[in-house]
Chemist: 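To start, I am sharing the structure in question, which I have written as structure tokens.
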Amino acid sequence: MTEPVWGPVHRDIVDLLADHPADVPAVVDHLTKLQDLLVRLPPLEESCPLADFNKLYLTITSSVLDGLYDDRFVDPVFLSRLDVEFAARYFDAMRMWTDSSPGTPKAWSCLFERMRGPDARPLPSAAAGVNAHINFDLPFALVTTFDHLESEPVDGSDQHHDYLEINNIFADKIPGLRRGYLERWQLLIDMLNGDIDDWYQGELVEYTRDVAWRNAQKIWRCRHDPDARECERTRLDDNAAALGRLLLSPLGAFLQ
């Protein structure tokens, strides 16, 4: 008999994924409950690869929610909708993987496959999840959001301003998150490097999210052409999957 995809918490995860969060507080609640389930999976030698990413995602999304409560954003309706659409793609990928669907994005499959080993270290696992979510999910989440709001991705708009504001949240949270994934010897090297690694990671996130915005603009222009849209989906999925496999490889782990 084949063991369930999510082991002893399979039923709980299936039940959680059956619900679709409708707002940002619900997304945070889903991510929190999912984190509690993922850390209960039979441990590999180091940690649960998906839990390592989910922990980061929960931290960033909780900060976005705080920003919404504090009137940090110019267009909170846009950002709230984007957050929901963005999270939906992550949860959808998990649903497809649970159902052994051939439609599971390759960008996510390379991380899901590590749930049963070989072991992946925490920082590469988190990075692979961020790669799949930003490089593959985010452009399509942007397009769906703008379509729903009957707007469009325009540089310099209020929506673009709020989109870029998320970079500042990453910049604020990345140092603590990244150090939380490091082993003792890595923390020593990190201390010797000073702020260089934090600056580099912040620049990388900013660049990656800018590329996602440009890809969303490209998809937006061809959104009514199913063949062109599918071509873009395949291109982004293939590229993100290739980078994800590199991040999870021994070379990728060493470079991080």
Side-chain angles (χ1 to χ4, degrees), residues 4-6 10 13-14 16-21 27 30-31 34-35 37-38 41 48-58 60-61 81-118 120 124-148 153 204-205 208-209 211-220 222-223 225-249 252:
V5 173
W6 304 109
H10 184 87
I13 289 183
V14 168
L16 180 65
L17 294 176
D19 188 23
H20 294 71
V27 171
H30 256 57
L31 292 172
L34 181 58
Q35 187 68 16
L37 292 171
L38 290 174
L41 284 170
C48 170
L50 191 57
D52 293 325
F53 162 71
N54 197 81
K55 172 185 173 184
L56 182 153
Y57 190 23
L58 173 58
I60 298 298
T61 307
R81 184 70 191 192
L82 176 60
D83 196 280
V84 170
E85 295 290 347
F86 194 31
R89 299 190 68 85
Y90 170 48
F91 295 135
D92 284 345
M94 289 189 66
R95 287 188 198 96
M96 287 187 280
W97 181 256
T98 301
D99 296 336
S100 301
S101 169
T104 306
K106 289 183 284 186
W108 280 111
S109 294
C110 64
L111 180 59
F112 294 155
E113 288 167 355
R114 301 300 288 265
M115 299 299 292
R116 297 181 184 277
S125 297
V130 170
N131 160 66
H133 209 28
I134 293 181
N135 286 323
F136 178 66
D137 289 342
L138 185 52
F140 294 98
L142 280 164
V143 169
T144 305
T145 298
F146 280 114
D147 191 47
H148 175 82
L204 185 59
V205 167
T208 303
R209 294 189 78 254
V211 171
W213 178 267
R214 302 300 167 201
N215 281 324
Q217 291 177 320
K218 187 174 182 180
I219 297 167
W220 180 260
C222 69
R223 67 191 184 282
D225 184 336
D227 291 337
R229 183 184 172 104
E230 177 60 19
C231 183
E232 284 301 301
R233 190 204 68 79
T234 300
R235 177 181 70 86
L236 294 179
D237 195 16
D238 287 344
N239 290 346
L243 181 54
R245 287 191 290 270
L246 174 61
L247 290 168
L248 291 166
S249 71

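Here, residue 1 is the first one in the sequence, and each next residue gets the next number.
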Chemist: Just wondering, do H133 and L138 contact through their side chains at under 4.5 Å, heavy atoms?
Modeler: no
Chemist: Return the set of residues passing ring pair (Phe, Tyr, Trp, His ring centres under 6.0 Å) with F140 (not counting sequence neighbours), or none when no residue passes.
Modeler: F136
Chemist: Could you grab the distance from atom CD of E85 to atom OG1 of T145, nearest 0.5 Å is fine?
Modeler: 4.5 Å
Chemist: Is any side-chain heavy atom of L37 closer than 4.5 Å to a side-chain heavy atom of W6?
Modeler: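 No. Closest side-chain heavy atoms not under 4.5 Å.
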Chemist: Name the residue from F91, F53, W97 that meets the ring-ring contact (aromatic ring centres under 6.0 Å, His included) definition with W108.
Modeler: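 The ring-ring contact (aromatic ring centres under 6.0 Å, His included) with W108 is passed solely by F53 among F91, F53, W97.
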Chemist: In Å and rounded to the nearest 0.5 Å, what is the CG to CG distance from D52 to L111?
Modeler: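 Here the interatomic distance stands at 9.0 Å.
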Chemist: Has the side chain of T234 got a donor or acceptor atom that lies under 3.5 Å from a matching backbone atom of C231?
Modeler: no
Chemist: Which pair of non-hydrogen atoms, one from D137 and one from R89, has the smallest distance, and what is that distance?
Modeler: O-CD, 3.3 Å
Chemist: Looking only at heavy atoms, which two atoms of A241 and C110 are closest? And how far apart?
Modeler: O-SG, 4.2 Å
Chemist: Check whether any side-chain heavy atom of P139 sits under 4.5 Å from a side-chain heavy atom of K218, and report yes or no.
Modeler: no
Chemist: Does L142 reach the side chain of W220, with side-chain heavy atoms less than 4.5 Å apart?
Modeler: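 No. Closest side-chain heavy atoms not under 4.5 Å.
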Chemist: A216 and V143: which non-hydrogen atoms are nearest, and at how many Å?
Modeler: O-CG2, 3.5 Å
Chemist: What do the steps show when you test L41 against L50 for side-chain contact (heavy atoms from CB on, under 4.5 Å), and what is the final call?
Modeler: CA-CA 10 Å; L41 284 170; L50 191 57; over 6 Å; no
Chemist: Roughly how far, to the nearest 0.5 Å, is the CG atom of N131 from the CG atom of L247?
Modeler: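 Here the rounded value is 5.5 Å.
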Chemist: Under the salt bridge (Lys or Arg N to Asp or Glu O under 4.0 Å) rule, what do R95 and D99 come out as? Steps first, then yes or no, please.
Modeler: CA-CA 6 Å; R95 287 188 198 96; D99 296 336; over 6 Å; no
Chemist: Heavy atoms only: give me the nearest M115-P49 pair and the separation to one decimal.
Modeler: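 In terms of heavy atoms, the two residues are closest at SD-CD, 4.1 Å.
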Chemist: Determine the minimum heavy-atom distance between L243 and N135, stating which atoms define it.
Modeler: CD2-ND2, 3.8 Å
Chemist: Just so I know, are the side chains of L34 and L16 near enough to count as touching, which here means a heavy-atom distance under 4.5 Å?
Modeler: yes
Chemist: Can you tell if the side chain of L38 reaches within under 4.5 Å of the side chain of I13, non-hydrogen atoms only?
Modeler: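 Result yes, sub-4.5 Å side-chain heavy-atom pair found.
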Chemist: Walk me through it: do R229 and E232 pass the test salt bridge (Lys or Arg N to Asp or Glu O under 4.0 Å)?
Modeler: CA-CA 5 Å; R229 183 184 172 104; E232 284 301 301; over 6 Å; no
Chemist: Once rounded to the nearest 0.5 Å, what's the spacing between atom NE2 of H20 and atom NE2 of H30?
Modeler: 8.5 Å
Chemist: Under the side-chain contact (heavy atoms from CB on, under 4.5 Å) criterion, do Q35 and Y57 qualify, and how do the steps go?
Modeler: CA-CA 10 Å; Q35 187 68 16; Y57 190 23; over 6 Å; no
Chemist: Heavy-atom distance under 4.5 Å between the side chains of E113 and L248, does that happen here?
Modeler: no
Chemist: Under the side-chain contact (heavy atoms from CB on, under 4.5 Å) criterion, do T61 and D83 qualify, and how do the steps go?
Modeler: CA-CA 8 Å; T61 307; D83 196 280; 3.6 Å; yes
Chemist: Do the side chain of D237 and the main chain of K106 share a donor and acceptor less than 3.5 angstrom apart?
Modeler: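 Between the backbone of K106 and the side chain of D237 there is a qualifying donor-acceptor contact (under 3.5 Å).
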Chemist: Walk me through whether H10 and T98 qualify under side-chain contact (heavy atoms from CB on, under 4.5 Å).
Modeler: CA-CA 9 Å; H10 184 87; T98 301; 3.6 Å; yes
